[in-house]
Novice: 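Okay, handing you the structure first.
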Protein chains: 2
Amino acid sequence: MARKSGDRPFEAVGFLISQLGFQSSRRFADRLEPLDLNPRTFALLRHIEAAEGEPQHALAEALRVPPSRMVALLDELEERGLVERRPHPTDRRARSLYLTSAGRRLLEKAKKVAAEHEAELCADLSAAERKQLIALLGRIATGQGLAAGVHPAIGFKVVGPPGD
Amino acid sequence: MARKSGDRPFEAVGFLISQLGFQSSRRFADRLEPLDLNPRTFALLRHIEAAEGEPQHALAEALRVPPSRMVALLDELEERGLVERRPHPTDRRARSLYLTSAGRRLLEKAKKVAAEHEAELCADLSAAERKQLIALLGRIATGQGLAAGVHPAIGFKVVGPPGD
DNA sequence: TATTGTTATACTCTATAACTATA
DNA sequence: TATAGTTATAGAGTATAACAATA
């Protein structure tokens, strides 16, 4: 997308998406802070809710997080009483993951925050425009081979998955 | 955007943008690797090209990078013979930044890579759709108070500014 | 012999703040 | 006294690989 004169840069889809993605994640992280959550822990709670009883390695695999990292992540959530590691019914090596009721309550609050975040992001868009934007982005995501719901940065510090 | 039944998550603008932004940056980084560049160094070269002769602190300020970080960043580019630090004409504390001819040549190559990246990203979109997508994203970016061309993650490791 | 979860180690990147030389 | 650039230090977060228990 080279421009001939003036060379006005940075109007490409790639740059805009990256710029916005980072900004959106950061903003979402700020919003979650009062709940002592961040985009990553939020995503974790969501995935556990969606597949309760699964062992750690299944979660790690689904989210593409190294198992050794999952340990520390879950340690924190368990210490805070949001997640429970129970013995697996058939495999004594494994530990089944469950949300506690406190975890469930906090997750519901976080979902509200996510909805607010989404609303803010799309404040200047009509419902039809938002729908169209989602469709366009979804086509790019498919083209890029992205699995729906799996944020490729979930293993990283700053950029996490803004949700809902 | 809570859904009542099934609770199918992750179809929000926020999540898609963040997911795609990260993926796009990573993909762009892969593409730049053969040139021994990454999104951040690419952005640096671009900005220097756009404002040659400026001192370091101006660049640091424009890109929101701490001055101490700028040092290491520029050290690398200078050692590779891509950027030159010349004495400032009026302020002997400052150093004016210039692209070397090698830097200019490499930047041109990188711009081609960026154009390829953009083309890949938008492969499934018509020209009109791409234009519309850019317009929609641009409106969100404005609403979020993002300065055009300044990637908020330029100071970070993994996520850099995919360009053009 | 392979796998689940855990721990330990080393490495990379970062911000903070002290420092110098000019202004 | 303030500013441009630099350097040093300490801290956070990460992957890698070794480890114990179980399959």
Side-chain angles (χ1 to χ4, degrees), chain A residues 22 25-26 29 33 36-41 43-44 47-48 51 53-79 83-98 151-161, chain B residues 22 25-26 29 33 36-41 43-44 47-48 51 53-79 83-98 151-161:
Chain A
F22 189 83
S25 300
R26 211 168 39 169
E33 205 171 29
D36 255 308
L37 288 176
N38 56 53
R40 185 169 61 181
T41 46
L44 236 46
H47 280 273
I48 293 173
E54 291 286 292
Q56 283 186 207
H57 75 98
L59 186 63
E61 209 170 292
L63 265 46
R64 317 275 163 83
V65 176
S68 66
R69 194 94 74 70
M70 194 55 79
V71 174
L73 255 28
L74 291 174
D75 279 352
E76 187 209 323
L77 296 180
E78 194 173 35
E79 274 166 29
V83 166
E84 231 183 328
R85 288 191 253 222
R86 301 187 201 158
H88 190 98
T90 64
D91 187 339
R92 281 201 296 169
R93 295 172 303 181
R95 338 226 356 211
S96 291
L97 298 175
Y98 291 87
H151 197 297
I154 193 152
F156 295 84
K157 188 187 95 179
V158 177
V159 182
Chain B
F22 189 84
S25 300
R26 211 169 39 169
E33 205 171 27
D36 255 309
L37 287 176
N38 56 54
R40 185 168 62 180
T41 47
L44 237 45
H47 279 273
I48 294 173
E54 290 285 294
Q56 284 186 206
H57 74 98
L59 186 63
E61 209 168 292
L63 266 45
R64 318 274 163 84
V65 176
S68 66
R69 193 96 73 71
M70 193 56 78
V71 174
L73 255 27
L74 291 173
D75 280 352
E76 187 208 323
L77 296 179
E78 194 173 35
E79 275 166 27
V83 165
E84 231 182 330
R85 287 192 254 222
R86 301 188 201 156
H88 190 97
T90 64
D91 187 338
R92 282 200 296 170
R93 293 172 304 179
R95 336 223 1 208
S96 292
L97 298 175
Y98 291 88
H151 196 297
I154 194 152
F156 295 83
K157 188 186 94 179
V158 176
V159 182

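We name chains A, B, ... by the order of the sequence lines, and we start the count at 1 in each one.
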Novice: Of all the choices, D/dG5, C/dA15, D/dT7, which nucleotide is nearest to the side chain of B/P66 once you look at every atom?
Specialist: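 Looking only at heavy atoms from C-beta outward on B/P66, the closest nucleotide is C/dA15.
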Novice: List for me each residue that meets side chain to side chain donor-acceptor pair (under 3.5 Å) alongside B/E78, sequence neighbours excluded, and say none if there are none.
Specialist: B/R85
Novice: Base of D/dT16, side chain of A/S68 - is there a donor-acceptor contact under 3.5 Å?
Specialist: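 Indeed, a donor on one side and an acceptor on the other fall under 3.5 Å apart.
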Novice: Can you tell me the distance, in whole Å, between the NE2 atom of A/H57 and the P atom of C/dA2?
Specialist: 17 Å
Novice: Can you check the B/H88 NE2 to D/dT3 P distance for me, whole Å?
Specialist: 16 Å
Novice: Given atom CG of B/L77 and atom P of D/dG5, what is their separation to the nearest angstrom?
Specialist: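 Atom-to-atom, B/L77 to D/dG5, this comes out as 15 Å.
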Novice: Bend across the helix from C/dT1-D/dA23 to C/dA23-D/dT1, to 10°, with axes taken over 5 pairs at each end?
Specialist: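 It works out to 10° between the end axes.
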Novice: Just jot down the salt bridge (Lys or Arg N to Asp or Glu O under 4.0 Å) partners of B/D36, sequence neighbours excluded, or say none.
Specialist: none
Novice: How long is the line joining CE of B/M70 and P of C/dC13, in whole Å?
Specialist: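 Roughly 17 Å, once rounded to whole Å.
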Novice: Whole angstrom is fine here: how far is it from CD in A/E61 over to P in C/dT3?
Specialist: 11 Å
Novice: What's touching nucleotides 18-23 of chain D from the protein side, N or O pairs under 3.5 Å?
Specialist:
| residue | atom | partner | partner atom | Å |
| --- | --- | --- | --- | --- |
| D/dA23 | OP1 | A/R92 | N | 2.8 |

Novice: Looking only at heavy atoms, what is the nearest atom pair of A/P39 and A/S25, with distance?
Specialist: CG-O, 4.0 Å
Novice: Who passes side-chain contact (heavy atoms from CB on, under 4.5 Å) against A/A58, sequence neighbours left out?
Specialist: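 Checked A/A58 against side-chain contact (heavy atoms from CB on, under 4.5 Å); matches are A/E54, A/P55.
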Novice: When the distance from CD of B/Q56 to C1' of D/dT3 is rounded to whole Å, what number comes out?
Specialist: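 Distance check: B/Q56 CD to D/dT3 C1' gives 13 Å.
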Novice: Phosphate oxygens OP1/OP2 of C/dT6: is one of them under 4.0 Å from a side-chain N or O of A/R95?
Specialist: yes
Novice: Of the listed nucleotides (C/dT16, C/dT6, D/dT14), which one gets closest to any side-chain atom of A/R40?
Specialist: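 Among the listed nucleotides, the one closest to the side chain of A/R40 is D/dT14.
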Novice: Write down the distance between CZ (B/R86) and C1' (D/dA4), rounded to a whole number of angstrom.
Specialist: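 After rounding, the gap between these two atoms is 19 Å.
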Novice: Do you know the tightest heavy-atom contact between B/R69 and B/V65?
Specialist: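 Of all heavy-atom pairs spanning B/R69 and B/V65, the closest is CB-CG1, 3.7 Å.
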Novice: Please give me the minimum heavy-atom distance between A/A60 and A/M70, naming the atom from each residue.
Specialist: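 Taking A/A60 first and A/M70 second, the nearest heavy atoms are CA-CE, 3.5 Å.
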Novice: For A/E84, enumerate each residue passing the salt bridge (Lys or Arg N to Asp or Glu O under 4.0 Å) test, keeping only those at least two apart in sequence or located in another chain.
Specialist: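 Partners of A/E84 by the salt bridge (Lys or Arg N to Asp or Glu O under 4.0 Å) criterion, ordered by chain and then number, come out as A/R86.
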Novice: Once you round it to whole Å, what is the distance between P of D/dA4 and CG of B/L74?
Specialist: 15 Å
Novice: Could you list the residues that satisfy salt bridge (Lys or Arg N to Asp or Glu O under 4.0 Å) with A/E76, not counting sequence neighbours?
Specialist: A/R80
Novice: Of the options B/L63, B/V83, B/L44, B/L59, which is the one that meets B/L73 in a side chain to side chain contact (heavy atoms under 4.5 Å, CB included)?
Specialist: B/L44
